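On a predicted model such as this, the values are computed, not experimentally measured, just so you know.
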Amino acid sequence: MTTITPPHDLKAEEAVLGAILLSAVPLKKLIVDVGLIDAAFYRELHGRIWNGMVQLAMAGEPVDELTLKARLEAEGASPQETAKLGELSAAVPSAWNVVAYAQTVMDLAEWRGVLAASYELQAAVAERDADKREQAERTLTQARRGKTDTYSATALTEAVYAHIEGKEQVPTWATPWPTLNNALGGGLRAGEVTLLGGWTSMGKSVVADQLLRWCADKGAKVHAYINEMSPTVRGLRLVAAMTGVPQSRLAQPSKLTPDDHDKITKHLGRGLPFGITQVASWTADTIARDIRFQGWDVCALDLVHRLQFSDERELALISTALNAAAQVSGTHLIAVIHLNQGRAVGSTLPPPVLRDIRGTGMLANDADNVLFIHREEDAQDESGIPVKTENAALYLAKCRNGRLDKIDLTFDARHTRFLEPVNESRVVPLERRLGSDRGA
C-alpha cells in the first residue's frame, strides 16, 4: 500500500487563526461562507484553537489572545501550546486573503478525506470485505460534503440567516416549465427525490430525459440509470429529441437523408447532454452506492419497479436506500415508477393519483415530490385503440416544499418533448382536477 503524506498547509492554518486574533475578519464569515470546522485543521492544536475561538464567540466573549489563552489553559493546554498563540498574529501575510486561506484549509481537508477513503478501500479490496468497502465509500462521501451534519442552535440560526440573505442556499435546478418551478418553490432541490409516474406510454421517460437535458444545459452534472432498454437505443431517443430526426429513421441509418446527417453531426459534435448506465442487473443498494460515489447534481432512475424485489417490504427498503443516497450525496433523484392497473380501464384513462402508485406507500411517503404525466386521449380510431392528442398535463400530487398543482402542457411529437403554452398562466385548483381523491 503506497503511503502519501496527507495534504496540508500549516501556514494557511496559522494565517486564518492569526487573522481572527487581529480582528481582521469576522468569525461568522468563516463559519457561514466557508463552512470552516475544527476537524478541517491538519495540526490538532490548530483545531483546538479554532474550536476555542468559536466557543468564546458563542458565549459572547471577546476572541483575543488573552481570553483564548485562559480558555485553552482551562482545557489542559500546556504552556508550550498556549505560547503558540503569540506567534499566530505574526503569521498573517495578508488579512485580506483570510477567506482564501480558510478555503485552502477546507479543500486540503477534503483531499485528506479522499486519501483516507482510498486506504480504507485498498484494505477492503485486499480482504474482499464488502462492509469495509461500504465504510470506505461513506468516508469518501463525507469528505466530499466537507461540512458537519450536526448544527448547534447558533450554527443553525446562522445557516438559516445565510439562506434568507441569499448567501448559502440549497442548490436548486429549474425545470423546463415555469409553472412547475413556481409550484416546487424554485425547481428540483439538492438532496431530494421526485417520483415520476404515469400510465403506460404516456411519456414518463420523455419527461425524465427532458429534465436531465434541461439541467445539463444549465450546467448541472447529470446522469441516467436505466433498466428498460440499451444505452444506445436510449441515446438514439435523445438524438431524435435534439435534432427532430424521426427515431424510425435513426433506427435504420440507411434511411437517413443528407439533411438528417447534417443535423445529427451538428448536435453530436457537441456531445450528448448526459451519460447512461445500464443497471438491469444492479440492486438498489448498488445504484445508491454509485449515486453517493459519483456526486451527481441531478440523476434519474428509469425505472424503480424493474429493480429486484419480491414483496412490499423489499420495495420499501429500495425506497429507503434511494432516498438516503440522494440526501447524503446532495443529488436530486428523479425516480420513474409504474402504476397499478386497477384504474387503467375504459376507453380513456383517468389522470393518476397517489394511490395508483404500484406497491408500497413508502415510495410516496419517502419522496419529496410526486409528479404524474398524463396525455389526453381522443375517441377510438378505426382499430378501436384510443388516440393520444397533443394535450397533456403534469400533476404535482405531492410537494414537500411547495404547492400541489396541475401544469398544462402540449406534446411536441417532432422533438419528443412537452412544452408549456407560452400564454398559459392559470392555476387549476387541486380539488377541481382530482375531485374527491384529493391526491390520496
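- No side-chain heavy atom of P351 sits under 4.5 Å from any side-chain heavy atom of F372.
- Without hydrogens or angle criteria, R270 side chain to H267 main chain gives no donor-acceptor distance under 3.5 Å.
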Take E134 and R289 through the test salt bridge (charged side-chain N to carboxylate O under 4.0 Å, His left out) and record every step on the way to the result.
CA-CA 8 Å; E134 184 77 20; R289 187 160 53 238; 3.1 Å; yes
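- Listed here is the closest heavy atom pair of I318 and Q308: CD1-O, 3.8 Å.
- Residue pairs that meet the salt bridge (Lys or Arg N to Asp or Glu O under 4.0 Å) test with at least one member in residues 311-321, sequence neighbours left out, do not exist here.
- Side-chain contact check for Q103 and D107: at least one donor-acceptor pair (N or O, by modelled atom type) lies under 3.5 Å.
- One finds a salt bridge joining D408 and K406 here, because a Lys/Arg side-chain nitrogen approaches an Asp/Glu carboxylate oxygen to under 4.0 Å.
- Judged by distance alone, the side chains of D9 and Y42 never bring a donor and an acceptor atom under 3.5 Å apart.
- A side chain to side chain contact (heavy atoms under 4.5 Å, CB included) with I373 holds for exactly one of V207, V206, V336; it is V207.
- Annotation for R400 and A367: closest pair NH2-O, 2.8 Å, computed over non-hydrogen atoms.
- Within the model, atoms CG of D368 and SG of C399 stand 8.5 Å from one another, a figure rounded to the nearest 0.5 Å.
- Residue pairs meeting the salt bridge (Lys or Arg N to Asp or Glu O under 4.0 Å) criterion with at least one member in residues 183-198, sequence neighbours excluded: R189-E192.
- Across T389 and E377, no two heavy atoms sit closer than the pair CG2-C, 4.4 Å.
- At least one donor-acceptor pair closer than 3.5 Å links the side chain of W177 to the backbone N or O of F418.
- The closest donor-acceptor contact from the side chain of H305 to the backbone of H338 lies under 3.5 Å.
- Between L188 and T175 there is a side-chain heavy-atom pair separated by less than 4.5 Å.
- Using a 4.0 Å cut-off between charged nitrogen and carboxylate oxygen, R133 and E120 do not count as a salt-bridge pair.
- Here the straight-line distance linking atom OG1 of T104 with atom NZ of K11 works out to 14.0 Å at 0.5 Å rounding.
- Nearest heavy-atom pair across G47 and F41 is N-CB, 3.7 Å.
- Between the side chains of T331 and S329, at least one donor N or O sits under 3.5 Å from an acceptor N or O.
- A salt bridge links R403 with D405; the closest basic N to acidic carboxylate O contact falls under 4.0 Å.
- Geometric assessment of R417 against the ring of F411 yields a negative cation-pi assignment under the 6.0 Å and 45° thresholds.
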Verify side chain to side chain contact (heavy atoms under 4.5 Å, CB included) between I357 and N340, making sure each step is shown before the conclusion.
CA-CA 6 Å; I357 296 175; N340 294 313; 5.9 Å; no
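- Closest of all the heavy-atom pairs between L212 and A224 is CD1-CB, 3.8 Å.
- K398 pairs by the side-chain hydrogen bond (donor to acceptor under 3.5 Å, both in side chains) definition with nothing, not counting sequence neighbours.
- Pairs engaging residues 221-245 under the salt bridge (Lys or Arg N to Asp or Glu O under 4.0 Å) rule: D209-R234, R234-D302 [sequence neighbours left out].
- Annotation: the span from L394 atom CG to L371 atom CG amounts to 5.5 Å, rounded to 0.5 Å.
- Under the salt bridge (charged side-chain N to carboxylate O under 4.0 Å, His left out) criterion, E390 pairs with no residue at all, not counting sequence neighbours.
- With Q278 contributing its side chain and A280 its backbone, the two residues share a donor-acceptor pair below 3.5 Å.
- The backbone N or O of G361 lies less than 3.5 Å from a partner atom in the side chain of N365, making a donor-acceptor pair.
- Note that the CZ atom of R213 and the CZ atom of F274 stand 8.0 Å from one another [nearest 0.5 Å].
- Under the 4.5 Å side-chain criterion, counting only non-hydrogen atoms from C-beta, N401 is not in contact with L184.
- The main-chain N or O of R48 is never found under 3.5 Å from a side-chain atom of D38 such that the two would form a donor-acceptor pair.
- Residues satisfying the ring pair (Phe, Tyr, Trp, His ring centres under 6.0 Å) criterion with F309, sequence neighbours excluded, are absent altogether.
- Side-chain atoms of D64 and T67 form a donor-acceptor pair, as typed in the model, at a separation below 3.5 Å.
- Distance alone, capped at 3.5 Å, places no donor-acceptor pair between the H46 side chain and the E13 backbone.
- Taking 4.5 Å as the limit, every side-chain heavy atom of D290 sits out of range of all side-chain heavy atoms of V279.
- With values rounded to the nearest 0.5 angstrom, L409 atom CG is found 8.5 Å from L180 atom CG.
- Residues W282 and T277 are in side-chain contact: their nearest non-hydrogen atoms beyond the backbone lie under 4.5 Å apart.
- D129 places no side-chain N or O within 3.5 Å of a backbone atom of A123 that could act as its donor or acceptor partner.
- Closest of all the heavy-atom pairs between A321 and D285 is CB-OD1, 3.6 Å.
- In this structure, SG on C215 lies 8.5 Å from CG on D297, to the nearest 0.5 angstrom.
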